[in-house]
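Worksheet: the structure to be examined is printed underneath.
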Amino acid sequence: MTSVRAPQFPFNAEHLLLQGVTDYAIYMLDPAGHILSWNTGGERIKGYTDAEVIGQHFSRFYPDEDVARGTPGEGLAIAAREGRYETEGWRVRKDGTRFRANIVIDAIHHEGALVGFAKITKDITDRYQAAEHLRDAERSLAQAQKISAIGQLTLGIAHDFNNLLAVITASLDLLPTANESRKERLVDAARQAAERGTRLTRQMLAFARGQTLEPALHDVNALVRDAVEVYRRAAGPITQCTLELTDADTRVMIDAEQLQAALVNLVANARDAMLAPGTIRMLTCVTRPHLLLHPEAMPDRDYLYVSVADDGPGMEEEVRLRAMEPFFTTKDVGRGSGLGLSQVFGFASQSGGFAFIQSAPGEGTCVTIAIPLPEPAGG
């Protein structure tokens with residue numbers, strides 16, 4: 001069998017390879033960090049010839065603030081200890097300009113002893129600036145969306161209060177010329193408008209988590225059972241309202257009155273969403289939330305879920321995602337302020353928990369209020 005001899009080159013192939021790489025600065029350091037070799041890529045990226053840098057300490061490429069912090073030495077120490085060190089940061093060219101760099105330092109050993117480091121630097125300024133521009137654009141978009149949401153909130157508040165004030169103003173204007181029976185009706189209309197304004201204010205406070213709660217330890221199952229007739233009246237005559245309550249301990253710190261108001265609100269919303277006679281279920285369960293699905297939940301903590309579910313038409317995903325926004329509503333004009341689900345969201349947050357919606361077209365809707373269970377004694 002004929003053996004194949006490796007080709008013999010009349011030059012140093014490794015040296016030629018390193019000098020042919022121009023997109024990366026590749027150079028060797030002694031154990032103390034002094035430069036032993038320098039390639040064409042180093043000259044192109046950093047502006048120094050090999051004669052200017054060989055024998056110099058590699059920290060000259062670092063910004064002054066990094067040198068003061070000891071960053072160059074820290075990188076060598078990590079590479080010596082772990083065999084490799086990779087990072088990203090600002091570096092300085094010969095002309096004083098800065099560039100963003102990706103840096104890899106590999107420890108080189110010979111016969112078990114550290115003899116130096118191989119250092120590779122790549123200029124990633126363009127990529128870094130593109131990512132920064134993208135982050136700036138995302139921040140600008142988020143700011144624009146925030147301003148749009150504030151504008152929508154302001155518009156909704158102004159519209160609703162304008163309607164209420166119009167009723168009150170018209171009633172007061174007509175009072176001087178009205179007979180006694182007419183006066184009574186006008187005063188009653190003004191009073192009802194003022195009461196709606198009070199409810200609207202409460203809902204906004206709940207959404208903004210600015211209402212004053214009076215939490216106490218309550219058994220939620222007992223609260224739901226005691227008010228079941230209220231929920232059934234809110235569900236209406238053609239919709240069945242059923243209870244599916246857990247056997248677990250459902251005692252949590254809660255403002256009972258505000259919880260009842262939130263649940264009545266959810267039942268009424270479910271009733272309004274039903275296109276045909278159906279069932280509204282009120283459920284409780286104790287569970288530990290999945291943190292990927294509910295990052296607002298506290299880790300290693302059980303929660304009481306109080307849910308109102310219907311078998312109505314369900315929501316498109318776009319509607320589901322916006323359903324808890326203030327003044328967002330799919331109801332006809334005059335049938336809702338758009339603050340109901342926002343109130344539920346605010347109440348849950350102010351109670352130390354969170355709220356979420358599960359829904360899909362044709363599969364009904366389930367709105368859940370999640371409240372943390374009290375920590376075990378001594379926990």
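Note that the structure is predicted; figures quoted are calculated from it, not measured.
A donor-acceptor pair is defined here as one N or O able to donate and one able to accept, closer than 3.5 Å; no such pair exists between the side chain of T71 and the backbone of V67. For the pair S359 (side chain) and M315 (backbone), a donor-acceptor distance under 3.5 Å is present. Although no hydrogens or angles enter the test, the distance criterion places no donor-acceptor pair under 3.5 Å between the side chain of D66 and the main chain of G89. At distances below 3.5 Å, not a single donor-acceptor pair connects side-chain atoms of T239 with backbone N or O atoms of T279. A donor-acceptor pair is defined here as one N or O able to donate and one able to accept, closer than 3.5 Å; such a pair exists between the side chain of H57 and the backbone of A32. Side-chain N or O atoms of H218 include none that pairs as donor or acceptor with a backbone N or O of V220 at under 3.5 Å. Remark: side-chain polar atoms of N39 are paired, donor with acceptor, to backbone N or O of I26 under 3.5 angstrom. Between the side chain of S307 and the backbone N or O of A309, no donor-acceptor pair lies under 3.5 Å.
Counting heavy-atom neighbours within 6.0 Å of D247 CG, excluding the residue itself, gives a total of 12 or less. The environment of CZ in R301 is crowded: more than 12 heavy-atom neighbours from other residues, nucleotides or ligands sit within 6.0 Å. Within a 6.0 Å radius of CD in Q56, more than 12 heavy atoms belonging to other residues, nucleotides or ligands are found. Surrounding CD of E86 are more than 12 heavy atoms belonging to other residues, nucleotides or ligands, all under 6.0 Å away. Around CD of E184, the count of heavy atoms belonging to other residues, nucleotides or ligands within 6.0 Å does not exceed 12. Sparse packing is recorded around CG of D64, with 12 or fewer heavy atoms of other residues, nucleotides or ligands lying under 6.0 Å away.
Contact check for M282 versus L245: no side-chain heavy atoms found under the 4.5 Å cut-off. In this structure, the side chains of D255 and Q350 stay at 4.5 Å or more apart for every pair of heavy atoms. A heavy-atom distance below 4.5 Å is not found between the side chains of P215 and I254. In this structure, the side chains of P289 and Y305 come closer than 4.5 Å at one or more pairs of heavy atoms. The side-chain heavy atoms of T97 and V92, taken from C-beta on, include no pair separated by under 4.5 Å. Between W90 and F99, the closest side-chain pair of non-hydrogen atoms is not below 4.5 Å. Two residues are said to be in side-chain contact when any heavy atoms from C-beta on lie closer than 4.5 Å; L29 and L36 fail this criterion. Inter-residue side-chain proximity for D106 and Y85 is flagged as unmet; no heavy-atom pair is nearer than 4.5 Å.
The structure places CD of Q129 at 13.5 Å from CG of L134, a figure rounded to the nearest 0.5 Å. For the atom pair CZ of R271 and CZ of R233, the computed distance is 12.5 Å after rounding to the nearest 0.5 Å. Rounded to the nearest 0.5 angstrom, L186 CG and T177 OG1 are separated by 8.5 Å. A distance of 12.5 Å separates OH in Y231 from CD1 in I280, rounded to the nearest 0.5 Å. How far OG1 of T284 is from CD1 of I371: 13.0 Å, rounded to the nearest 0.5 Å. In this structure, the separation between CZ on R44 and CZ on R93 is 9.0 Å, given to the nearest 0.5 Å.
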Handout entry: Step-by-step side-chain contact (heavy atoms from CB on, under 4.5 Å) determination, V306 to L263
Key = CA-CA 9 Å; V306 189; L263 293 177; 3.8 Å; yes

Practice task
May I have the step-by-step check of ring-ring contact (aromatic ring centres under 6.0 Å, His included) for F117 and F58, ending in yes or no?
Solution key: CA-CA 11 Å; F117 302 92; F58 84 112; 8.2 Å; no

Exercise for the section: Applying side-chain contact (heavy atoms from CB on, under 4.5 Å), run through I369 and V344 and close with a yes or a no. Expected result: CA-CA 8 Å; I369 299 171; V344 170; 3.7 Å; yes

Exercise for the section: With side-chain contact (heavy atoms from CB on, under 4.5 Å) as the test, would you mind laying out the steps for V267 and V230 before giving the verdict? Expected result: CA-CA 10 Å; V267 171; V230 174; over 6 Å; no

Exercise for the section: Decide salt bridge (Lys or Arg N to Asp or Glu O under 4.0 Å) for R98 and E65; before the verdict, give the C-alpha distance in whole Å, the side-chain angles of both, and the deciding distance to 0.1 Å. Expected result: CA-CA 13 Å; R98 295 191 178 198; E65 60 270 22; 2.8 Å; yes

Practice task
Please lay out, stage by stage, how I105 and R84 fare under the test side-chain contact (heavy atoms from CB on, under 4.5 Å).
Solution key: CA-CA 6 Å; I105 303 176; R84 184 181 179 88; over 6 Å; no

Handout entry: Test salt bridge (Lys or Arg N to Asp or Glu O under 4.0 Å) applied to E52 and K94, step by step
Key = CA-CA 10 Å; E52 292 174 305; K94 180 181 177 180; 2.6 Å; yes

Exercise for the section: Test R251 against D249 for salt bridge (Lys or Arg N to Asp or Glu O under 4.0 Å), laying out the working first. Expected result: CA-CA 6 Å; R251 289 175 296 175; D249 187 350; 2.7 Å; yes

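Partners of R232 by side-chain contact (heavy atoms from CB on, under 4.5 Å), not counting sequence neighbours, listed by chain and number: V228, E229, C241. Residues passing the side-chain contact (heavy atoms from CB on, under 4.5 Å) test with A130, sequence neighbours excluded: none.
Both L76 and L114 are assigned to one and the same hydrophobic cluster, defined by single-linkage of ILVMFWY side chains at heavy-atom distances under 4.5 Å. When the side chains of ILVMFWY residues are joined at heavy-atom separations under 4.5 Å, either directly or via intervening members, M253 and V224 end up in two distinct hydrophobic clusters. Clustering ILVMFWY residues whenever any of their side-chain heavy atoms sit less than 4.5 angstrom apart, transitively, puts V308 in the very cluster that holds V264. Both L243 and V252 are members of a single hydrophobic cluster when ILVMFWY side chains are connected at heavy-atom separations under 4.5 Å. Under the 4.5 Å side-chain heavy-atom criterion for ILVMFWY residues, no single connected hydrophobic cluster contains both L283 and I357.
Checking T121 against K119 by side-chain atom types alone, a donor-acceptor pair falls below 3.5 Å. A donor and an acceptor atom, one from each side chain of Y27 and K46, are located under 3.5 Å apart.
Between F354 and Y303, the ring planes are tilted. Angles from 30° to 60° get that label. Between H294 and F356, the ring planes are tilted. Angles from 30° to 60° get that label.
The minimum heavy-atom distance linking V286 with L304 is given by the pair CG2-CD1, 4.1 Å.
With M28 as the fixed residue, the side chain to side chain contact (heavy atoms under 4.5 Å, CB included) test singles out one of I35, I54, I108: I108. Considering L217, N221, L223 in turn, N221 is the only one that fulfils the side chain to side chain contact (heavy atoms under 4.5 Å, CB included) rule with D219.
Between R281 and D311 there is no salt bridge, since no side-chain nitrogen of the basic residue lies less than 4.0 Å from a carboxylate oxygen of the acidic one.
Note that R91 lies in the cation-pi zone of Y62, set by a 6.0 Å cut-off to the ring centre and a 45° limit from the axis.
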